[in-house]
There are 2 protein chains.
Amino acid sequence: MLAVQTLDARPFQTPLGRLSRGEAPQRSLEDRLAHATVRKIESKEHVFCEGDPRLHVFRVEEGVIAIYKTLCDGRRRIIDFAYPGDLLGLGVLDEHILSAQATSAAKVRCFSAASLEAMAENDADLALKLYKSVCQELSATRSLLVTVGQRSAVERVAAFLLGLRRRSGDEAGETVKLAMRRSDIADLLGLTIETVSRTLTKLRTMGVIDVELGGTTVTLRDAARLADLANE
Amino acid sequence: MLAVQTLDARPFQTPLGRLSRGEAPQRSLEDRLAHATVRKIESKEHVFCEGDPRLHVFRVEEGVIAIYKTLCDGRRRIIDFAYPGDLLGLGVLDEHILSAQATSAAKVRCFSAASLEAMAENDADLALKLYKSVCQELSATRSLLVTVGQRSAVERVAAFLLGLRRRSGDEAGETVKLAMRRSDIADLLGLTIETVSRTLTKLRTMGVIDVELGGTTVTLRDAARLADLANE
DNA sequence: CGTGCGCTTGACATTGATCAAAAACAGTGG
DNA sequence: CCACTGTTTTTGATCAATGTCAAGCGCACG
């Protein structure tokens, strides 16, 4: 594990977290988050690492954050990418059990985990919001598990591209921006960078997608065929 | 999808769910569950199927329930096994998005999903319990994702056996009972039955485990070495 | 005693990982 | 604007791990 100083280890103000404790229990989570501090994250900077004290909860405002776990032999398993709107750092323990690292420049809104959870104890509405947020996360993780567990490289990459389009911006858009490296995609899908690259070229020669030079923008030429290949 | 009638599609009484709505908001989840109806599930019987209306939430009392998703080509992906104490059927949608099937004879305690969620709206304590339950489920799913994503057959099977010991009964016990078929283990770990079988014999010839004839009971001869192989 | 189901084992094929190298790209400084 | 360096991506050749196909075994049950 890198010995970098992570965002969550640095102290900072969480005005809304403090202000609203107890005095406005019906205030919505959105409302609370709207006033929290926003922090800028450089590409490759960590938001938090496994084992760090879980001081803050974050919401992604811009960019993409990779949530991952490091295996003891150094391999890295990305659990999910967090896109704008997603919450980061929820949990029941007082330590982070995963690491979070920006795959590109990003912004996160952050506020105190302790006060959030203290608020939730007296605010069923907030607690239910947390519950639902985690339910969605669970559902996303399960769907990744399905993808990764028993599918071929083509199926995995196709499903990834479709999922990316679904989650980042417009549902029916023709192009998706890959705000991460091949190695990030590989670690998410349980493949190697070489296989990811080969699979993308394969899809390109099949005429299903187009990959811009530099490989950061993908155009879905034939989304129906891609969905077919993904075997959803 | 099989056209069987599942437990959740059958109407039945949920006395505690009804009784406690609104009148005892501080009553614990445990307390509520303690009085709910218990149903017996035959081996291979479904508790619910993908697409069924999500009428009830269940808690496993005895046996093992496989939570799975069916891929469109018929492959089956087991997401998790639910052991006694685990909750089943939590979610935000009004349909089940997964199927649940007993791998052996089992018992589940069941009560109304709607009234549970209605209760949670006025009971922060209950809502937080739900939140924490889902957090744990999320954590388990993530750990399976790590296992399945990029590990060898030996690592997966070793991790599975250790996880089984951890979850079913005593932490340090020498023997674990496999209350499921090889095909269930295979569908959980993203392997084939043949590979699971071969891997178990490999571990046996290595002297790390012992497999009883019939293959339902496994003795962990050398748990430390097994943990080493699992590469946790 | 026969039948069916689940488990094991073997031979072979295929997929994706590994090793290696070249090409494309992004910065940096001249 | 161009040369230089390090990073990322692409492509190729080879190999090991796991899937596939096929057969046999053991146990439970009628």
Side-chain angles (χ1 to χ4, degrees), chain A residues 42-44 66 71 73-77 101 103-105 147-160 177-206 209-218 229 231, chain B residues 42-44 66 71 73-77 101 103-105 147-158 160-161 177-206 209-218 229 231:
Chain A
E42 303 296 327
S43 179
K44 296 189 189 175
L71 278 67
D73 61 358
R75 280 176 297 184
R76 182 180 67 145
R77 170 111 276 269
Q101 183 184 28
T103 66
S104 59
T147 300
V148 162
Q150 42 203 178
R151 286 162 113 132
S152 71
V154 175
E155 290 175 309
R156 293 186 207 193
V157 172
F160 169 70
K177 181 97 181 143
L178 304 181
M180 67 285 289
R181 281 165 258 299
R182 296 286 182 272
S183 62
D184 296 322
I185 302 176
D187 288 345
L188 179 80
L189 298 179
L191 300 169
T192 57
I193 23 177
E194 292 96 326
T195 303
V196 171
S197 177
R198 267 187 261 269
T199 306
L200 284 172
T201 30
K202 188 173 173 184
L203 290 173
R204 181 158 51 77
T205 54
M206 287 168 71
I209 62 170
D210 245 352
V211 182
E212 183 226 36
L213 283 184
T216 59
T217 306
V218 174
L229 288 168
N231 203 6
Chain B
E42 304 295 327
S43 178
K44 295 192 191 173
L71 277 68
D73 61 357
R75 280 176 298 185
R76 182 180 67 147
R77 171 110 275 271
Q101 182 183 28
T103 67
S104 58
T147 300
V148 163
Q150 39 205 179
R151 285 164 114 132
S152 71
V154 175
E155 289 175 310
R156 294 186 207 193
V157 173
F160 170 71
L161 290 174
K177 181 99 181 140
L178 304 182
M180 67 285 290
R181 283 165 257 299
R182 296 286 181 272
S183 62
D184 296 322
I185 302 175
D187 288 345
L188 179 80
L189 299 179
L191 299 170
T192 58
I193 22 177
E194 292 95 330
T195 303
V196 172
S197 178
R198 267 186 262 268
T199 307
L200 284 172
T201 27
K202 188 174 174 183
L203 290 173
R204 181 158 49 79
T205 54
M206 288 167 71
I209 63 170
D210 244 352
V211 182
E212 181 225 37
L213 282 185
T216 59
T217 305
V218 174
L229 288 168
N231 202 8

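Per chain, numbering begins at 1; letters A, B, ... match sequence-line order. As the structure is a prediction and not an experimental result, all values here were calculated from the model.
Of all the heavy atoms in B:Arg151 and A:Leu71, the pair that sits closest is NH1-CD2, 3.7 Å.
The CG atom of B:Leu178 sits 5.0 Å away from atom CD1 of B:Ile185, with the distance rounded to the nearest 0.5 Å. Distance CG/A:Leu189 to CZ/A:Arg77: 8.0 Å, rounded to 0.5 Å. Going from atom CD1 of A:Ile209 over to atom CG of A:Leu200 covers 5.0 Å, rounded to the nearest 0.5 Å.
Taking side-chain N and O atoms only, B:Lys44 has a distance below 4.0 Å to OP1 or OP2 of C:dG6. Distances shown here put a side-chain N or O of A:Thr201 below 4.0 Å from the OP1 or OP2 atom of D:dT11.
B:Leu191 comes within contact range of the sugar-phosphate backbone alone, with a heavy-atom separation under 4.0 Å but no base atom that close. Here A:Ile193 lies out of heavy-atom contact (under 4.0 Å) with every strand.
Distance from the side chain of B:Thr195 is smallest to D:dT18 among C:dT8, D:dT11, D:dT18. Comparing D:dT9, D:dT8, D:dG19 by their closest approach to the side chain of A:Arg182 singles out D:dT9. Considering only side-chain atoms of A:Arg204, the nucleotide from D:dT11, C:dG6, D:dT18 that sits closest is D:dT11. Listed nucleotides: C:dC7, D:dT10, D:dT18. Nearest to the side chain of A:Val211: D:dT10. Among the nucleotides D:dT8, D:dT11, D:dT18, the one closest to the side chain of A:Glu194 is D:dT11. Listed candidates were C:dA17, D:dG12, C:dG6. Nearest to the side chain of A:Thr192 is C:dA17.
To the nearest angstrom, P of D:dA17 lies 17 Å from CZ of B:Arg151. The nearest whole Å value for the distance from the NZ atom in A:Lys202 to the P atom in D:dT10 is 16 Å. Here D:dT20 presents its C1' atom at 15 Å from CD of A:Gln150, a figure rounded to the nearest Å. One atom, CZ of B:Arg75, and another, P of D:dT18, lie 18 Å apart when rounded to the nearest Å. Distance, A:Leu189 CG to C:dA17 C1': 15 Å, rounded to whole Å. Rounded to an integer number of Å, the gap from B:Ile185 CD1 to C:dG6 C1' is 12 Å. B:Arg181 has its CZ atom 17 Å from the C1' atom of C:dT8, to the nearest Å. Note: CD (A:Glu212) to P (C:dA24) measures 15 Å, nearest angstrom.
Between the side chain of A:Arg198 and the base of D:dG12 there is at least one donor-acceptor pair of N/O atoms closer than 3.5 Å.
Side-chain contact check for A:Asp210 versus A:Arg204: some heavy-atom pair is nearer than 4.5 Å.
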